[in-house]
Trainee: 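Questions regarding the structure given below will be posed in turn.
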Amino acid sequence: MSDWQRTHTCGELRESHIGQTVTLNGWVNTYRSYNNQVFVDLRDRYGVTQVVFESEDAELQKLANSVGREFVLSVTGAVAARLKGKENAKLATGAVELKASAAKVLNACPTPPFEITEFGNELANEDIRLQYRYLDLRRKTLQDTMILRHRLCKTIRDTLDAQGFLEVETPLLGKSSPEGARDYLVPSRVYHGEWFALPQSPQLYKQLLMVAGYDKYFQIARCLRDEDLRADRQPEFTQLDMEMSFIEMEDIFRVIENLSKAIFKDCLDIDIPTPFRRMGYDEAMLKYGSDKPDLRYALEIVDVGAVAAKSEFKVFKDVLASGGVIRGLCAKGAADKFSNSDLKPGGKLSEHVGRYGAKGLAWMKVEGDKLTGSIEKFFPAAVQQELRQVMNAESGDVLLFVADKESVVCDALGALRIHLASLLKLYDPDAKVFNILWVVDFPSFMYDAEDKRWVANHHPFTAPRDEDIPHLDTDPGKVKAKAYDLVMNGYEVGGGSIRIHSPVVQSKAFQVLGMDEETAKSRFGFLLDALKFGAPPHGGIALGIDRWVMMLAGTTNIRDVIAFPKNAKSRDLMTGAPAGVDNRQLKDLGLK
RNA sequence: GGGGACGUAGCUCAAUUGGUUAGAGCACCGGCCUGUCACGCCGGAGGUUGCGGGUUCGACCCCCGUCGUCCUCGCCA
C-alpha cells in the first residue's frame with residue numbers, strides 16, 4: 001500500500017478509534033484558517049471528518065494554508081478526542097478529529113463554477129450544474145439518491161432471485177415497429193439504407209422468453225423513446241421489466257405488492273399496507289379526471305349534469321343537449337382564497353382549465369345559505385339547494401364547474417383538482433406519505449375520431465377480459481382489458497397486462513385495429529409465429545425505476561435520480577451530445 | 001410545433017417601474033485572529049445587464065428579432 005492510501009473513510013472514525021494513527025483521502029469540503037492553525041473538513045461519499053493542522057512542522061502548515069475547496073488530500077495523523085464542549089453533533093464523526101502529522105495534495109482544484117454545498121437550498125441553476133455534473137454529483141443529496149437507487153435495484157434483484165426469477169438481457173439493437181413512441185434509429189454499416197431501432201421496452205422479447213419456457217423473467221432494462229420530455233420523462237429511462245407464465249392478474253398483483261413492501265422496508269424502513277386498493281378506470285376518470293389519481297387528498301369531482309339540467313343556464317343546457325357532461329369540484333373553505341378576478345375568464349383558475357380545451361370555468365361561491373356569482377341567477381332556489389347537497393357544499397366553499405365533452409371535462413377538472421390541492425395545501429408534498437393503488441379495467445381500445453379508427457390503449461397483445469371477448473366483433477368500445485397500472489401519489493409508476501396467447505383472439509384484436517393479416521405479419525410476424533408454437537398463458541408488468549426513486553427520494557424532477565441525465569431539450573449539457581460526426585463515419589454508414 | 005416563466009459579477013438575487021457611478025450575500029484574492037466547524041473581523045478585485053436591432057435627450061427596464069434554461073399542451077401503443 002502506498003503511504004498516501006486511506007486506512008479509513010471520512011465517515012468512519014468514532015471515539016473507539018482515538019489514539020490510532022490513520023490516513024484519510026477525500027475532498028476539502030470547507031476550510032477555516034488561523035495563523036498557525038487550519039481546520040479542514042475532509043469529505044468523501046461516506047461522510048465528513050474534521051482535520052486539524054497545528055503542527056510544529058512548518059512545511060506541513062504551509063501545505064495546509066495552500067489548499068482550497070475541492071482539493072483532493074491525503075492526510076495522516078492521530079485520531080483525537082475533540083476538546084470538551086467542542087464536539088460537533090451535526091457530524092457522525094463529530095466526537096473526534098484528525099490531528100494531521102503528514103499530508104499530501106493528491107490533486108489541486110480551481111475555484112469551482114458553483115458552490116457544492118447545499119446551505120440555504122440556494123442551488124445554482126440546473127444548466128450549469130448539468131454542465132459540470134461530476135461536481136453536482138458530489139452533493140450529499142445526489143449521492144444519497146444514487147445510493148438509494150442502488151439499494152432499490154439490489155432489493156429488486158434479491159427479492160426476485162429468491163422467488164426463482166431469472167434476469168435475462170435482451171437486445172438494444174432491434175427492429176423498428178411503427179406503433180407507439182418514436183424510435184431512436186441506428187444506421188447499419190453493413191446494410192446501407194437499413195436501420196436498427198433502440199428498444200422502447202423489451203416487450204416483444206419478454207413474450208418470446210415466455211414461449212421459450214423462461215417462466216419467471218425480469219430485467220432492469222434501459223428503454224429509449226424519442227419523444228418530448230417532461231419533468232418526469234427522459235429519452236432514456238430504466239424499467240424493471242417482468243413477465244411470468246401460467247399466471248393471472250392476481251399473481252402479478254401479489255408479486256408486485258410483496259416486492260413493493262420489500263422495497264419500502266429496505267429503502268426507507270417503512271411498512272406499507274398491502275394489498276393495494278384497486279380502482280376501475282371509469283371510476284378514476286369520473287371522480288379524479290385521471291387514470292393516475294393522487295389519492296393523498298379527497299377533492300372528488302362530482303357529476304352535476306342532472307342538477308344542471310334543471311337550471312336556466314344556457315351554456316350548461318346546450319352542452320347537455322349535445323351529449324356533453326357537466327362536472328364540478330367543491331373547493332372547501334376557498335371562498336376567501338380566490339377573488340372574483342381569479343375566477344373570471346382569463347383569471348388564473350380559468351386559464352388553467354383552458355389549456356385542456358375547456359371553453360370556460362363556471363363558478364359560484366357559497367355564502368351562508370346562499371350561492372353567489374354571475375351564474376347564480378340561472379339556478380332557482382330549489383335547484384341551488386340540490387346542487388349544494390350533491391356537492392356537499394358549505395358556507396365558505398367555492399364551486400367550480402366545467403361543461404364540455406367528457407374527455408375535456410375529465411382533463412380540465414383532473415388538472416384543476418391537482419392545482420387546487422397544491423394551492424389549498426390539501427397535502428404536504430414533503431411528507432413521506434405514499435398512496436398506492438392499482439387502476440384496472442382499462443378499455444382495450446380507444447376510438448380515434450380524427451383517424452376514424454380504433455387504437456390499442458395499452459398494446460395490441462393485451463388480453464381482453466374473458467367475458468368481453470364476444471364484444472370484440474360487435475362493440476370494441478365495450479371491451480375491457482386485463483391491464484393494470486400501478487399509481488403512486490399521482491404518478492404512473494408501473495403498468496402491464498396479461499397477454500393474448502390465443503391466435504384466434506389475437507387475429508380478432510388485429511381486426512379491430514384495422515390491421516390486415518399481411519400488415520400484422522410484417523410488423524410482428526416473428527411474435528405471431530412464436531405464439532403459434534405453444535405459447536403459455538403469460539403476462540407481465542414494468543415498473544418505472546426512475547419514478548420509483550423519485551417517489552422514495554421525495555423529488556419531482558427525474559434528473560435528480562439519474563447520474564447523467566439529458567436536459568429538457570434532450571441534450572447532454574456535459575458532453576454536448578448529440579453532436580456532429582466525421583464525414584468518414586457518415587460515409588461508412590452510407591449517409592453521405 | 002403551441003403556451004407560460006426566466007436570463008444582471010464565478011453562484012444566488014436586488015436595482016424606488018425610463019434617470020445619470022448597476023448593488024448585496026456567498027465564492028475568490030490579501031491582511032488579522034490559537035478551537036473553528038456555513039468561523040469571525042478588515043480590505044480588495046470582479047459587469048459588453050444572453051446576443052442583435054429599434055424607440056428615447058437617456059434603456060437592466062419599453063418594442064422587434066434571436067439564442068438559451070425550466071414548466072406545460074400536443075406527443076409518450
Side-chain angles (χ1 to χ4, degrees), chain A residues 29-43 48-54 61 65 68-70 80 82-91 93-94 97 99 110-132 135-136 177-183 200-201 203-204 223-235 237 348 351-358 411-412 415 418-419 442 444-446 448 450 454-462 481 483 492 495 497 509 513 515 523-524 544 556-557 559 567-569 571 573:
Chain A
N29 198 46
T30 55
Y31 178 93
R32 300 173 289 280
S33 95
Y34 294 78
N35 284 356
N36 201 27
Q37 190 174 39
V38 175
F39 296 94
V40 168
D41 285 349
L42 204 63
R43 181 198 70 231
V48 170
T49 302
Q50 172 165 286
V51 178
V52 192
F53 292 87
E54 50 184 1
Q61 290 306 104
N65 273 302
R69 282 166 193 260
E70 303 305 322
R82 293 215 186 179
L83 298 184
K84 262 215 155 29
K86 299 295 180 184
E87 300 86 359
N88 187 345
K90 283 182 274 185
L91 293 181
T93 61
E97 61 194 4
K99 303 271 193 195
T111 304
F114 55 89
E115 289 168 56
I116 292 166
T117 59
E118 293 181 272
F119 287 104
N121 286 325
E122 266 196 3
L123 291 180
N125 275 332
E126 211 181 353
D127 50 346
I128 191 153
R129 289 188 288 119
L130 286 173
Q131 188 188 339
Y132 297 92
L135 296 182
D136 203 29
S177 86
E179 303 275 324
R182 197 175 292 112
D183 285 318
Q200 299 171 21
S201 78
Q203 179 62 41
L204 301 179
C223 305
L224 300 107
R225 297 179 188 175
D226 188 5
E227 297 291 349
D228 285 347
L229 274 45
R230 288 287 184 283
D232 63 345
R233 275 178 10 202
Q234 280 274 300
F237 59 100
K348 44 187 185 189
E351 195 185 12
H352 202 78
V353 298
R355 263 181 261 165
Y356 302 86
D411 286 351
I418 295 168
H419 190 55
F442 284 83
S444 285
F445 310 99
M446 297 288 220
D448 184 332
E450 253 177 56
W454 293 96
V455 294
N457 200 5
H458 189 61
H459 62 65
F461 314 110
T462 303
E492 182 193 327
S497 65
L513 297 171
M515 219 185 286
R523 290 182 189 175
F524 312 110
T556 54
N557 180 348
R559 294 180 295 276
N567 75 356
K569 284 276 182 291
R571 186 175 285 287
L573 293 177

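Hydrogens, waters and symmetry mates play no part in the numbers below; they use all other heavy atoms, side chains included. Letters A, B, ... are given to chains in the order of the sequence lines, protein chains preceding strands, and every chain is numbered from 1.
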Trainee: Specify the separation, in whole Å, of atom CD of Gln234(A) and atom P of C75(B).
Mentor: 21 Å

Trainee: Expressed as a whole number of angstroms, how long is the span from Asp226(A):CG to C76(B):P?
Mentor: 12 Å

Trainee: What residues form a side-chain contact (heavy atoms from CB on, under 4.5 Å) with Ile418(A), not counting sequence neighbours?
Mentor: Tyr297(A)

Trainee: Quote, to the nearest angstrom, the C1' distance that separates G25(B) from C70(B).
Mentor: 24 Å

Trainee: Determine the minimum heavy-atom distance between Gln200(A) and Ser177(A), stating which atoms define it.
Mentor: NE2-O, 4.4 Å

Trainee: According to side-chain hydrogen bond (donor to acceptor under 3.5 Å, both in side chains), who are the partners of Arg523(A), at least two apart in sequence or on a separate chain?
Mentor: Glu179(A)

Trainee: Could I get the full list of side-chain contact (heavy atoms from CB on, under 4.5 Å) partners for Lys86(A), not counting sequence neighbours?
Mentor: Leu83(A)

Trainee: Could you work out the separation of A15(B) and G47(B) based on their C1' atoms and round it to a whole Å?
Mentor: 14 Å

Trainee: Would you mind classifying the nucleic acid contact of Thr462(A) as base, sugar-phosphate or nothing, using non-hydrogen atoms under 4.0 angstrom?
Mentor: nothing

Trainee: Does any N or O donor sit under 3.5 Å from an N or O acceptor when you compare the side chain of Lys569(A) with the base of G1(B)?
Mentor: no

Trainee: Give Arg559(A) one of three labels, base, sugar-phosphate or nothing, depending on what nucleic acid heavy atoms sit under 4.0 Å from its own.
Mentor: sugar-phosphate

Trainee: Is any side-chain nitrogen or oxygen of Lys84(A) closer than 4.0 Å to OP1 or OP2 of G35(B)?
Mentor: no

Trainee: Rounded to the nearest angstrom, tell me the gap between atom CZ in Arg230(A) and atom C1' in G3(B).
Mentor: 12 Å

Trainee: Taking CD from Gln61(A) and P from C33(B), how many angstroms apart are they, rounded to a whole number?
Mentor: 15 Å

Trainee: Say you pick atom C1' in G7(B) and the same atom in U49(B); how far apart are they, in whole Å?
Mentor: 10 Å

Trainee: Under the rule syn = chi within 90° of 0, otherwise anti, which is U17(B)?
Mentor: syn

Trainee: Distance between the C1' atoms of U69(B) and G50(B), in whole angstroms?
Mentor: 11 Å

Trainee: Relative to each other, are the rings of Trp454(A) and Phe445(A) parallel, tilted or perpendicular (30° and 60° limits)?
Mentor: perpendicular

Trainee: Given G35(B), C28(B), U36(B), which nucleotide is nearest the side-chain atoms of Arg32(A)?
Mentor: U36(B)

Trainee: Measuring to OP1 and OP2 of A27(B), would you say a side-chain N or O of Arg69(A) lies under 4.0 angstrom away?
Mentor: yes

Trainee: In whole Å, measure the gap between the P atoms of U20(B) and G35(B) for me.
Mentor: 47 Å

Trainee: Using the side-chain heavy atoms of Lys99(A), tell me which of these nucleotides is nearest: G35(B), A38(B), C76(B).
Mentor: G35(B)

Trainee: Residues two or more places apart in sequence or in another chain: which of them pass side-chain contact (heavy atoms from CB on, under 4.5 Å) with Asp228(A)?
Mentor: none

Trainee: Go ahead and name the base partner of A5(B); Watson-Crick or wobble counts if both distances stay under 3.5 Å, otherwise write none.
Mentor: U69(B)

Trainee: Can you figure out which of C70(B), G35(B), C75(B) approaches the side chain of Leu130(A) most closely?
Mentor: C70(B)

Trainee: Over how many whole Å does the gap from Asp411(A) atom CG to C75(B) atom C1' extend?
Mentor: 14 Å

Trainee: Is the distance from OP1 or OP2 of C73(B) to the nearest side-chain N or O of Tyr356(A) less than 4.0 Å?
Mentor: yes

Trainee: Taking only the P atom of each, what is the distance from G10(B) to U17(B) in whole angstrom?
Mentor: 28 Å

Trainee: Rounded to whole Å, how long is the line connecting atom CD of Glu492(A) with atom C1' of C76(B)?
Mentor: 10 Å

Trainee: Which is it for Asn88(A) and Gln50(A) under the side-chain contact (heavy atoms from CB on, under 4.5 Å) test, yes or no, and what are the steps along the way?
Mentor: CA-CA 10 Å; Asn88(A) 187 345; Gln50(A) 172 165 286; over 6 Å; no

Trainee: Which listed nucleotide (U72(B), C76(B), G35(B)) is nearest to the side chain of Arg82(A)?
Mentor: G35(B)

Trainee: What are the atom names and distances for every N/O pair under 3.5 Å that joins the protein to nucleotides 42-45 of chain B?
Mentor:
none

Trainee: Sugar-phosphate means primed atoms, P, OP1 and OP2; the rest is base. With that split, encode nucleotides 7-15 of chain B 5' to 3' as B, S or - using protein heavy atoms under 4.0 Å.
Mentor: ---BSS---

Trainee: So what does Asn567(A) touch, heavy atoms closer than 4.0 Å: a base, only the sugar-phosphate, or nothing?
Mentor: sugar-phosphate

Trainee: When you measure only distances, ignoring hydrogens and angles, does the side chain of Arg233(A) come within 3.5 Å of the base of C76(B) through a donor and an acceptor?
Mentor: yes

Trainee: Which whole number of Å gives the distance between the P atom of C64(B) and that of A45(B)?
Mentor: 40 Å

Trainee: Where the side chain of Gln37(A) is concerned, which of U72(B), U34(B), C28(B) is the nearest nucleotide?
Mentor: U34(B)

Trainee: Rounded off to whole Å, could you give me the CZ-to-P distance for the Arg225(A) and C76(B) pair?
Mentor: 10 Å

Trainee: Indicate the atoms forming the closest heavy-atom contact of Ala481(A) with Thr462(A), along with that distance.
Mentor: CB-CG2, 3.6 Å

Trainee: Check every strand shown and say whether Glu351(A) touches a base, only sugar-phosphate, or nothing at a heavy-atom separation below 4.0 Å.
Mentor: nothing

Trainee: Go through the steps for Ile116(A) and Arg69(A) under the test side-chain contact (heavy atoms from CB on, under 4.5 Å), then give the verdict.
Mentor: CA-CA 9 Å; Ile116(A) 292 166; Arg69(A) 282 166 193 260; over 6 Å; no

Trainee: How far does the P atom of U8(B) sit from the matching atom of C61(B), given to the nearest Å?
Mentor: 13 Å

Trainee: Quick check: any donor-acceptor pair below 3.5 Å linking the side-chain of Glu97(A) to the base of G35(B)?
Mentor: yes

Trainee: Which atoms form the tightest heavy-atom contact between Arg233(A) and Leu229(A), and what is the distance?
Mentor: O-CG, 3.4 Å

